[in-house]
Amino acid sequence: QVQLVQSGGGLVEAGGSLRLSCTASGRQTFSSTTMGWFRQAPGKEREFVAAIFRNYGRTYYADSVKGRFTISRDNAKNSVYLQMDSLNVEDTAVYYCVADSTIILSSIREARAYDYWGQGTQVTVSS
């Protein structure tokens, strides 16, 4: 069992930056766990944002955030981060931290492939 606790988020003007954090606790070895972020805007389906694969830490991004968002992890702190720069109003959503230790690479963008989810945090970008 893994518990994910998120922090960060809030209200920012377009063009600004925010940083989301997610700390994991539980019996799983954090470095062997793939971590990621999804988001869900009002009236829209949940969508993949970014992921950092277990062990070697290779990163993956949705096309809509590539070049603006950066996912990173600190295994010593059991934490994953999402640095969001050049935010625009289309980035407004509830952001969820996710984790899974057995996910395969081909499923990394699928929400249903992740067993553990954080509580969600609101990010609002104003124009």
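Heavy atoms only: backbone and side chains are in, while hydrogens, waters and symmetry mates are out. For this chain, numbers begin at 1 and follow the sequence in order.
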If you define the side chain from C-beta out and look only at heavy atoms, does anything of [X] sit under 4.5 Å from [Y]?
X    : Y   : result
T33  : V2  : no
N78  : S25 : no
Y96  : L4  : no
L87  : F69 : yes
S21  : S7  : yes
T124 : V12 : no

Determine, stepwise, if the pair D85 / S17 fulfils side chain to side chain donor-acceptor pair (under 3.5 Å). CA-CA 4 Å; D85 299 319; S17 298; 2.7 Å; yes

With sequence neighbours left out, what residues match F48 under ring-ring contact (aromatic ring centres under 6.0 Å, His included)?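 Partners of F48 by the ring-ring contact (aromatic ring centres under 6.0 Å, His included) criterion, ordered by chain and then number, come out as F38.
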
So, the side chain of [X] versus the backbone of [Y]: is there a donor-acceptor pair under 3.5 Å, distance only?
X    : Y    : value
Y116 : C97  : no
R73  : F30  : yes
T92  : V125 : yes
Q6   : Y95  : yes

Exercise: do T121 and Q119 side chains pair donor with acceptor under 3.5 Å: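 Result is no, nothing qualifies.
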
In terms of side-chain heavy atoms, does T23 have a donor or acceptor partner in S79 at a distance below 3.5 Å?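 T23 vs S79: donor-acceptor pair found between side chains.
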
Honestly, is R19 close enough over Y81, meaning NZ or CZ under 6.0 Å from the six-membered ring centre and within 45° of the axis?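 Yes.
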
Value rounded to 0.5 Å, distance of [atom1] in [X] from [atom2] in [Y]:
X   : Y    : atom1 : atom2 : result
S31 : N55  : OG    : CG    : 6.0 Å
M84 : W37  : CE    : CH2   : 8.0 Å
N75 : I52  : CG    : CD1   : 8.0 Å
M35 : S101 : CE    : OG    : 11.0 Å

So, using side chain to side chain contact (heavy atoms under 4.5 Å, CB included) as the criterion, who are the partners of D100 when residues are at least two apart?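 Per chain and number, D100 pairs via side chain to side chain contact (heavy atoms under 4.5 Å, CB included) with T102, I103, Y114, D115.
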
Any salt bridge (Lys or Arg N to Asp or Glu O under 4.0 Å) involving residues 86-98? Give me the pairs, sequence neighbours left out, ordered by first then second residue.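 For residues 86-98, and leaving out neighbouring residues, the salt bridge (Lys or Arg N to Asp or Glu O under 4.0 Å) pairs sorted by first residue read R39-D91, R68-D91.
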
Take L82 and V49 through the test side-chain contact (heavy atoms from CB on, under 4.5 Å) and record every step on the way to the result. CA-CA 9 Å; L82 185 68; V49 175; 4.1 Å; yes

Tell me the closest heavy-atom pair linking [X] and [Y], and the distance in Å.
X    : Y    : answer
A113 : S107 : CB-O, 3.7 Å
Y60  : I108 : CD1-CD1, 3.7 Å
Q3   : Q1   : NE2-CG, 3.2 Å
A93  : A41  : CB-N, 3.8 Å

Treat each ILVMFWY residue as a node, draw an edge where side-chain heavy atoms are under 4.5 Å apart, and state whether Y61 and V123 are in one component.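 Looking at the clustering, V123 is in the same group as Y61.
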
